[in-house]
Amino acid sequence: MSSVLDQQSAPPAATARPAPPPRRTRLLALPEARWALAALVLFLLALPLHLLGGPVWLWGPLFAATYVTGGWAPGWEGLKALKDRTLDVDLLMVVAALGAAAIGQVLDGALLIVIFATSGALEAVATARTADSVRGLLDLAPATATRLLPDGSEENVDAQSLAVGDTVLVRPGERVGADGLVIDGTSDVDQATVTGEPLPVAKRAGDEVFAGTVNGTGALRVRVERDPSESVIARIVKMVEEASETKAPTQLFIEKIEQRYSIGMVVATLAVFGVPFAFGDTLQSALLRAMTFMIVASPCAVVLSTMPPLLSAIANAGRRGVLAKSAVAMERLGQIDLVALDKTGTLTEGTPYVTSIHPLPGTGLDEDDLLTLAAAAEHPSEHPLARAVVEAALERGLPLPHTTDFCSLPGEGVTATVAGHTVQVGSPSRLLTDTAPPDKIVAELEATGHTAVAVLRDGTVGGVLGIADRLRPDAAATVTALTELTGRTPVLLTGDNERAARHLAAEVGITDVRAGLLPEDKVAAVKAWETEGRRVLMVGDGVNDAPALAAAHSGIAMGKAGSDLALETADAVVVRDELATIPSVVQLSRAARRLVIQNLAIAGTFITVLVAWDLLGDLPLPLGVAGHEGSTVLVGLNGLRLLREAAWPRLVKETA
């Protein structure tokens with residue numbers, strides 16, 4: 001964590017971070033989305049006509065068009081799978097819908113088609129948006145760089161053409177063009193995109209800098225140490241892409257049993273027809289028995305056992321500010337048994353604030369006087385630490401004297417004239433001598449993970465300010481709730497320094513701390529746990545968290561300040577940054593999974609009883625249809641229970 005206040009006020013054009021050009025795939029550019037929308041519109045047009053008893057010629061073609069628009073794509077995929085001697089849920093769904101239509105249940109079949117088409121479209125959109133964000137991440141690295149030639153002249157070159165050993169000039173406000181070492185100059189560099197550190201880091205000769213990070217007010221000369229294709233930003237892109245491609249294919253619970261069920265139903269239907277017919281039964285009788293068997297064994301209720309509970313859970317979570325991107329994502333949240341948490345922007349708010357004020361005895365300054373001097377001197381600066389000091393003074397209602405002769409020295413601090421006094425604010429290591437009285441205060445602050453800021457008046461030390469990132473109010477309670485849910489205390493994965501990480505971890509009850517991690521280190525930790533058989537939930541907010549979010553069994557991104565890449569890579573997003581909702585949505589997912597199992601038991605019971613009746617007795621066709629449809633309605637209503645307000649688990653006391 002940086003301990004300097006040195007950024008000068010600069011024109012907005014010099015300090016504003018360039019926004020990447022929009023690269024988001026348009027929703028209707030995806031064929032899955034277009035077909036799903038068409039099916040939904042047709043279904044909504046046909047539904048009131050059917051329910052109000054309109055003529056068949058009016059609603060029949062609309063339902064038929066619904067079957068075609070929503071079912072042809074999954075049906076085609078199912079046929080291609082069948083060609084490879086595989087029965088999958090797509091073909092099972094289409095057959096079930098057509099079977100429902102064949103026995104007069106056109107509405108049920110159309111609803112099944114719309115549900116699956118919409119689910120497929122949502123997954124296609126999530127995949128496309130993730131790809132968009134991965135491509136957009138490349139915009140963090142500048143397209144051009146200023147290369148210094150041996151004769152001292154400059155040339156503007158494509159950043160991708162830089163080679164190891166080249167020297168580049170990084171002016172104030174520019175993005176660093178390549179990974180390398182500083183060989184001359186001093187500045188603060190915002191490298192949150194790579195390490196997640198909340199504050200700019202002081203850089204001077206010998207320090208490493210990363211491509212895509214933002215330079216402060218000083219000019220830096222950087223020797224390129226890594227080929228642009230191997231920069232940290234480029235490696236993040238590769239890791240996200242690889243994790244997305246190699247992550248085990250996700251399946252809903254019902255999909256895991258679809259193969260056996262589908263094959264078994266087809267074989268059994270043929271047997272119910274063929275065996276009696278071969279032993280002398282009439283064609284009509286054998287066909288009627290087989291048709292009845294096919295109806296009562298139809299997987300409509302089985303297929304609908306899964307979607308309603310998960311979609312209801314998604315809707316309930318959405319009302320609480322948690323957006324799960326698909327039914328698969330919601331189901332996976334309930335399977336986790338280990339949680340890994342990022343620090344800055346996840347457990348903390350990601351913005352510094354003044355935690356303590358230490359005026360020295362004998363200076364004639366109290367806390368308000370010391371804070372007033374520091375805030376007045378820092379008022380012209382736009383450095384994050386400066387803003388924290390000014391904000392603290394404003395919160396106390398302190399009037400700020402007029403400031404003149406403001407000057408900022410990169411890596412050292414600021415100097416200004418306040419009410420006739422020369423005030424210096426900045427790094428204790430730069431402003432204080434080894435024998436200065438506040439050394440003990442500085443050591444105590446830094447030992448607890450705080451940033452110490454020295455304040456001098458007319459060359460005399462007036463005191464020290466302690467500054468730190470603010471812990472979220474519900475962080476400790478959330479860690480406790482996650483520990484109870486998984487049976488193991490969450491792990492802290494952060495790019496911040498060890499001292500700050502361990503101090504914060506102790507506050508929330510975390511004992512396993514991995515600090516100073518680059519993105520690939522976080523991915524390595526997640527993969528190591530996955531190899532051990534753990535199902536990891538990763539919670540983060542930054543670009544540096546995205547690879548781990550993609551590699552984990554499930555990923556949740558903090559929504560308010562989360563990077564586009566993190567938001568699109570994660571399986572779910574906490575829109576309002578309320579940590580307390582994370583254990584609640586995990587518990588809600590588990591409740592949905594229990595309902596799925598209940599529904600499968602209900603559907604299985606109905607199917608077993610009706611099938612046994614048909615095989616061992618004489619099940620009337622109308623009664624078989626009624627039992628089949630009754631079980632479908634029952635599992636659907638059971639799944640909708642999670643829409644109730646009371647279904648949301650309150651594992652952590654929610655704050656207003």
Any carboxylate oxygen within less than 4.0 angstrom of a Lys/Arg side-chain nitrogen, looking at E532 and K527? no
Under the 3.5 angstrom rule, does the side chain of R535 hit a backbone N or O of L333 as a donor-acceptor pair? no
Quick check: closest heavy atoms across A324 and A572, and the distance to 0.1 Å? CA-CB, 4.0 Å
Nearest 0.5 angstrom please: D545 CG to D342 CG, how far? 4.0 Å
Taking C-beta and beyond as the side chain, do E395 and V354 meet within less than 4.5 Å on heavy atoms? no
Find the distance between CZ (R226) and CG (D179) and round it off to the nearest 0.5 Å. 4.5 Å
Does a side-chain heavy-atom distance below 4.5 Å link L588 with W648? yes
With no hydrogens and no angle check, is any side-chain donor or acceptor of S584 less than 3.5 Å from a backbone partner on P649? yes
For residues R590 and G334, report the shortest heavy-atom separation together with the two atoms involved. NE-O, 3.2 Å
D521 vs R514, side-chain contact (heavy atoms from CB on, under 4.5 Å): CA-CA, chis, key distance, verdict: CA-CA 9 Å; D521 301 321; R514 320 283 177 90; over 6 Å; no
E349 bridged to R472 by N-O distance under 4.0 Å: no
Any side-chain heavy-atom pair of D512 and T489 under 4.5 Å: no
With distance as the sole test, does D469 use its side chain to make a donor-acceptor pair with the main-chain N or O of T351 at under 3.5 Å? yes
Any donor-acceptor pair under 3.5 Å linking the side chain of R644 with the backbone of R641? yes
Given the rule in the side-chain contact (heavy atoms from CB on, under 4.5 Å) test, do E484 and Q587 qualify, once you have shown the distances and angles that lead to the verdict? CA-CA 11 Å; E484 293 174 354; Q587 186 70 355; over 6 Å; no
Which atom pair, heavy atoms only, marks the closest approach of A552 to V526? CA-CG1, 3.6 Å
If we ignore hydrogens and angles and just use 3.5 Å, is the side chain of R593 paired with the main-chain N or O of E331 as donor and acceptor? no
Sidechain N-carboxylate O distance under 4.0 Å for K203, D188: no
Looking only at heavy atoms, which two atoms of A501 and K343 are closest? And how far apart? CA-CD, 4.2 Å
Identify the heavy atoms of P547 and V523 that sit nearest to each other, and give their distance. CB-CG2, 3.3 Å
Decide yes or no for I467 and V453: does some side-chain heavy atom of the first lie under 4.5 Å from some side-chain heavy atom of the second? yes
Would you check, one step at a time, whether the test side-chain contact (heavy atoms from CB on, under 4.5 Å) holds for I336 with T486? CA-CA 7 Å; I336 60 102; T486 63; 3.6 Å; yes
Value for CG (L600) from OG1 (T605), rounded to nearest 0.5 Å, stands at 10.5 Å
Give a yes or no answer on whether the side chain of S589 reaches the backbone of V585 with a donor-acceptor pair at less than 3.5 Å. no
Does some side-chain heavy atom of L341 sit less than 4.5 Å from a side-chain heavy atom of V339? yes
Looking just at side-chain N and O atoms, do H553 and E530 make a donor-acceptor pair shorter than 3.5 Å? no
Kindly indicate whether the side chain of N316, heavy atoms from C-beta on, has any atom under 4.5 Å from the side chain of L643. no
Side chains of H503 and E507: donor-acceptor distance under 3.5 Å anywhere? yes
Rounding to 0.5 Å, atoms CD1 (I510) and CG (L492) come to a distance of 5.0 Å
Could you tell me whether the side chain of K522 reaches within less than 4.5 Å of the side chain of N544, counting heavy atoms only? yes
Given 3.5 Å as the limit, does a donor-acceptor pair link the side chain of T480 with the main chain of A476, or not? yes
Backbone N/O of R534 and side chain of D337: donor-acceptor pair under 3.5 Å: no
How about T355 and H450: do any of their side-chain heavy atoms sit closer than 4.5 Å? yes
Partners of E498 by side-chain contact (heavy atoms from CB on, under 4.5 Å), sequence neighbours excluded? R502, A515
On a heavy-atom basis, the closest approach of S356 and L445 is OG-CD2, 3.5 Å
Enter the distance from T344:OG1 to M558:CE here, rounded to the nearest 0.5 Å. 12.5 Å
Evaluate V214 against V189 for side-chain contact (heavy atoms from CB on, under 4.5 Å), listing each step before the verdict. CA-CA 6 Å; V214 182; V189 176; 6.0 Å; no
Just verifying a value: how many Å separate I582 CD1 and L537 CG, rounded to the nearest 0.5 Å? 7.0 Å
